[in-house]
Visitor: 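Take a look at this one; I'll ask things after.
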Amino acid sequence: MKLKKSVAVLSTAVLTAGIAAGCGEGANSKTSQTTANSPFNLSMALMQVGDPPNKGNDIEQAIEKYTNTKLDIQWIPQSAFDDKVNVMIAANEMPKIMKVNYVPTTISAIQSGLFWEIGPFLKNYKNLSVQNPQYFDNISVEGKIYGIPNFRDIGRAGIVYRKDWFDSMGLKLPTTVDEWYNVLKAQTQNDPDKNGKNDTFGTVLFKKYNEGTQPVITRIAVSQGAPNRWGVENGKFTPEFMTKPYYDVLKMFRKLYEEKSINQDFAVFDDSEAIKLMDSGRVGMKLNGVYNNGKSYQDKLVKSAPTGEYDVAPFTGPQGIRLAGEPGNFGFLAIPKTSVKTEEELKKVLAFLDMLMDPEMSTLQLRGIEGKHYKKVDGDKTEFTDLTAYQRDVKPYRDNLVNIEGYNVAEQKDTPLGEKGTKMTRENIKYAIPNPALTLTSATVSERGKELDQMIWDAQTRYIMGKIDDAGWQAEIDKWLKAGGDNVIKEYEAAYAKTGKK
């Protein structure tokens with residue numbers, strides 16, 4: 001089946017098979033047939049970024065026809081999203097599908113029994129059941145699954161680097177801390193752009209270099225054998241910054257800073273400014289990027305360095321490719337018990353979500369409508385014909401619903417570097433090291449987590465800048481432990497024990 005400018009109405013038999021199959025029941029009586037053939041009324045609360053889609057638009061109609069549903073979507077502005085969700089939860093007035101973020105209020109609502117546990121049902125759905133379990137582990141609460149992720153790539157941590165510099169200087173991609181030091185120093189000190197000026201950097205740090213989901217020191221340290229944020233062994237937890245591989249990387253950056261081989265103003269430098277330096281051809285390696293950045297950086301680089309060439313590579317260490325895994329979601333879709341009252345109705349909702357990953361629906365979400373947003377080229381590949389229209393018409397659904405690039409959708413035609421980045425993003429989930437504390441609860445983290453994180457981030461920056469020595473760094477760790485870090489470790493260990501994992 002092809003999605004054209006107007007999506008063909010599917011046969012009654014197909015529609016009946018769709019939602020009815022999710023109910024686990026046949027349509028053997030007149031009553032059940034009538035119910036199965038009638039559209040399933042499905043209310044949703046989703047996040048609005050930009051202008052909300054018009055009601056009854058082509059995309060919404062296509063979803064309704066394929067899934068035999070009647071959609072009622074409430075678009076909540078991103079700026080007010082968490083507050084609005086909290087109000088809906090407190091009032092117990094929720095739709096049948098509700099996008100939520102993995103935040104303490106959501107977790108509390110789950111623990112209070114407001115949402116369906118869906119883990120035991122997933123095996124019955126052909127698309128949902130074959131996704132990597134790590135996606136679901138990363139939204140679990142006390143080891144149980146209460147929603148479907150808004151899937152995002154887990155193993156996309158990539159190095160974007162100046163291949164032309166590496167080739168001309170005889171450099172190889174680093175796999176040890178010493179090699180990292182030598183490569184970053186050479187690109188700063190040895191005039192890789194051959195302009196006779198000392199105006200390049202191996203890499204550029206910025207003020208939030210170790211925050212968020214793409215932390216620089218964590219990424220390199222993980223490649224050297226460190227855990228991703230937290231390590232667990234025999235049920236005992238250790239923060240990354242108390243491991244030797246992490247400390248070795250921290251010492252390396254301290255040495256680079258002392259030798260002026262990284263930017264001296266990194267503590268106040270914004271990442272947007274670092275990107276401008278890359279675009280102007282002055283930076284050899286971006287370490288907080290993803291594989292798919294390569295193409296866009298290449299497009300901008302040629303304006304300032306026409307012969308410049310970017311390439312992408314995974315973080316690799318003595319044990320081979322080893323990546324700091326990302327959360328793998330942009331929130332998740334939960335199903336409230338107050339609006340979905342029976343197991344039969346729950347199965348209908350899950351059937352709808354599963355159908356969104358069928359080839360027809362995956363193509364609709366990830367490419368749009370053929371002839372309007374994309375066309376087929378080079379055999380089975382696709383190419384956007386109106387990306388602006390796609391972003392306006394389709395992206396709101398793609399960002400909120402259920403889809404994964406590369407699953408049940410034709411490849412997109414791109415530059416060789418773009419296609420390489422997409423392939424690596426898809427395949428490298430198998431090298432992703434998860435954060436075992438990602439879904440664990442800790443009262444101390446809920447109350448004072450940001451304060452404790454900031455203590456360590458500030459200490460790292462002071463250590464790199466030479467304001468504290470090795471003894472001072474250890475003193476900061478001790479201070480963190482006494483300020484609540486010890487409690488976090490104990491609480492994570494207790495929460496981990498409840499999951500039954502070893």
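Because the structure is a prediction, the values reported are computed rather than measured.
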Visitor: Could you grab the distance from atom CD of Q111 to atom CG of L114, nearest 0.5 Å is fine?
Guide: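 The CD atom of Q111 sits 11.0 Å away from the CG atom of L114.
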Visitor: To check you understand the geometry: which heavy-atom pair defines the closest contact between W457 and R229, and what is its length?
Guide: NE1-NH1, 4.4 Å
Visitor: Does D164 reach the main-chain N or O of E309 with its side chain, forming a donor-acceptor pair under 3.5 Å?
Guide: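 Yes; at least one donor-acceptor contact below 3.5 Å.
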Visitor: So Y102 and F332, would you call those rings parallel, tilted or perpendicular, with 30° and 60° as cut-offs?
Guide: tilted
Visitor: Is it the case that D358 and N127 place a side-chain donor and acceptor less than 3.5 Å from each other?
Guide: yes
Visitor: Check this for me: K303, atom NZ, are more than 12 non-hydrogen atoms of other residues, nucleotides or ligands nearer than 6.0 Å?
Guide: no
Visitor: State which residues pass side chain to side chain contact (heavy atoms under 4.5 Å, CB included) with L122; sequence neighbours excluded, sorted by chain then number.
Guide: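 Only I118, L128, F136, I145, I148 meet the side chain to side chain contact (heavy atoms under 4.5 Å, CB included) criterion with L122.
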Visitor: Can you sort out the partners of E405 under side-chain hydrogen bond (donor to acceptor under 3.5 Å, both in side chains), two or more places apart, ordered by chain and number?
Guide: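 With neighbours one apart ignored, the set is R367.
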Visitor: Show me the pairs that pass ring-ring contact (aromatic ring centres under 6.0 Å, His included) and involve residues 396-426, at least two apart or across chains.
Guide: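 Counting only pairs at least two positions apart or across chains, the ring-ring contact (aromatic ring centres under 6.0 Å, His included) contacts touching residues 396-426 are W75-Y397.
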Visitor: Please identify each residue that fulfils side chain to side chain contact (heavy atoms under 4.5 Å, CB included) with V445, with sequence neighbours left out.
Guide: S442, V488, Y492
Visitor: My understanding is that only residues two or more places apart in sequence, or in another chain, count here; which of them pass side-chain hydrogen bond (donor to acceptor under 3.5 Å, both in side chains) with Q454?
Guide: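 Scan of Q454 (side-chain hydrogen bond (donor to acceptor under 3.5 Å, both in side chains), adjacent residues dropped) gives D458.
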Visitor: For the residue pair F81 and N101, what are the closest heavy atoms and their distance?
Guide: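 That closest heavy-atom pairing would be CD2-ND2, 3.8 Å.
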Visitor: Starting from the C-alpha separation in whole Å, work towards a yes-or-no answer on salt bridge (charged side-chain N to carboxylate O under 4.0 Å, His left out) for E326 and R219.
Guide: CA-CA 11 Å; E326 297 189 23; R219 285 181 159 196; 3.2 Å; yes
Visitor: Kindly compute the distance separating CE (M357) from CD (Q131), expressed to the nearest 0.5 Å.
Guide: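 Here the interatomic distance stands at 4.0 Å.
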Visitor: side-chain hydrogen bond (donor to acceptor under 3.5 Å, both in side chains), that's the test. Do N150 and K99 meet it? Break it down for me.
Guide: CA-CA 9 Å; N150 286 129; K99 179 183 170 74; 2.6 Å; yes
Visitor: Any chance you could lay out the side-chain contact (heavy atoms from CB on, under 4.5 Å) test for Y310 and M278, step after step, and finish with the verdict?
Guide: CA-CA 10 Å; Y310 274 121; M278 284 196 69; 3.2 Å; yes
Visitor: Can you name the closest pair of heavy atoms from G328 and P149 and give their distance?
Guide: O-CB, 4.5 Å
Visitor: Checking side-chain polar atoms at under 3.5 Å, does T422 have a donor or acceptor matched by the opposite partner on Q412?
Guide: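 Short answer, no.
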Visitor: Evaluate the criterion side-chain hydrogen bond (donor to acceptor under 3.5 Å, both in side chains) for residue pair K84 and N86; output intermediate values, then yes/no.
Guide: CA-CA 5 Å; K84 178 64 175 177; N86 291 343; over 6 Å; no
Visitor: Which heavy atom of T69 sits nearest a heavy atom of L42, and at what distance?
Guide: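 Scanning both residues completely, I find the closest heavy atoms to be CG2-CD2, 4.4 Å.
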Visitor: More than 12 heavy atoms of other residues, nucleotides or ligands under 6.0 Å from NZ of K55: yes or no?
Guide: yes
Visitor: Take a 6.0 Å sphere around NZ of K420 and say whether it holds more than 12 heavy atoms from other residues, nucleotides or ligands.
Guide: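 Yes, NZ of K420 has more than 12 neighbouring heavy atoms, counting only those of other groups under 6.0 Å.
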Visitor: Can you list the residues that meet the side chain to side chain contact (heavy atoms under 4.5 Å, CB included) rule with P192, with sequence neighbours excluded?
Guide: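 Counting only residues at least two positions away or on another chain, P192 forms a side chain to side chain contact (heavy atoms under 4.5 Å, CB included) with W165, M169, T200.
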Visitor: List the steps and the verdict of salt bridge (charged side-chain N to carboxylate O under 4.0 Å, His left out) for K348 and E345.
Guide: CA-CA 5 Å; K348 288 184 179 181; E345 192 174 14; over 6 Å; no
Visitor: What closest approach, in Å, do T499 and G143 show between heavy atoms, and which atom pair accounts for it?
Guide: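 Minimum heavy-atom contact is CG2-N, 4.2 Å.
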Visitor: Between F151 and N329, does a side-chain contact (heavy atoms from CB on, under 4.5 Å) hold up when you go through it step by step?
Guide: CA-CA 5 Å; F151 293 102; N329 66 80; over 6 Å; no
Visitor: What is the distance from atom CG of N292 to atom CG of L417, rounded to the nearest 0.5 Å?
Guide: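 If I round to the nearest 0.5 Å, the distance is 9.0 Å.
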Visitor: Measuring from atom CD of E60 to atom NZ of K70, what distance do you get when rounded to the nearest 0.5 angstrom?
Guide: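 Answer rounded to 0.5 Å: 8.0 Å.
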Visitor: For K144, does the NZ atom sit with more than 12 other heavy atoms under 6.0 Å from it, leaving out its own atoms?
Guide: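 Counting neighbours around NZ of K144, 12 or fewer heavy atoms of other residues, nucleotides or ligands fall under 6.0 Å, so no.
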Visitor: Just verifying a value: how many Å separate L173 CG and M285 CE, rounded to the nearest 0.5 Å?
Guide: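 So the CG of L173 and the CE of M285 are separated by 6.0 Å.
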Visitor: Looking only at atom types and distance, does a side-chain atom of D311 sit under 3.5 Å from a main-chain N or O of Y161, one as donor and one as acceptor?
Guide: no
Visitor: The test is side-chain contact (heavy atoms from CB on, under 4.5 Å); show your working for M361 and L401 and say whether it passes.
Guide: CA-CA 10 Å; M361 291 291 97; L401 297 177; over 6 Å; no
Visitor: Does any donor atom in the side chain of N210 or K208 lie under 3.5 Å from an acceptor atom in the other side chain?
Guide: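 Absent: no donor and acceptor within the cut-off.
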Visitor: Starting from the C-alpha separation in whole Å, work towards a yes-or-no answer on side-chain hydrogen bond (donor to acceptor under 3.5 Å, both in side chains) for D153 and Y291.
Guide: CA-CA 11 Å; D153 296 305; Y291 302 119; over 6 Å; no
Visitor: Should Y135 and I154 be marked as a side-chain contact (heavy atoms from CB on, under 4.5 Å) after you check the CA-CA gap, both sets of side-chain angles, and the distance that decides it?
Guide: CA-CA 8 Å; Y135 285 113; I154 289 176; 3.7 Å; yes
Visitor: Taking C-beta and beyond as the side chain, do P314 and L323 meet within less than 4.5 Å on heavy atoms?
Guide: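 Answer yes - side chains close enough.
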Visitor: How close do F315 and L287 get, counting heavy atoms only, and between which atoms?
Guide: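 Shortest heavy-atom contact: CZ-O, 3.5 Å.
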Visitor: How long is the span from the CZ atom in R398 to the CD1 atom in I59, to the nearest 0.5 Å?
Guide: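 Rounded to the nearest 0.5 Å, the CZ-CD1 separation comes to 12.5 Å.
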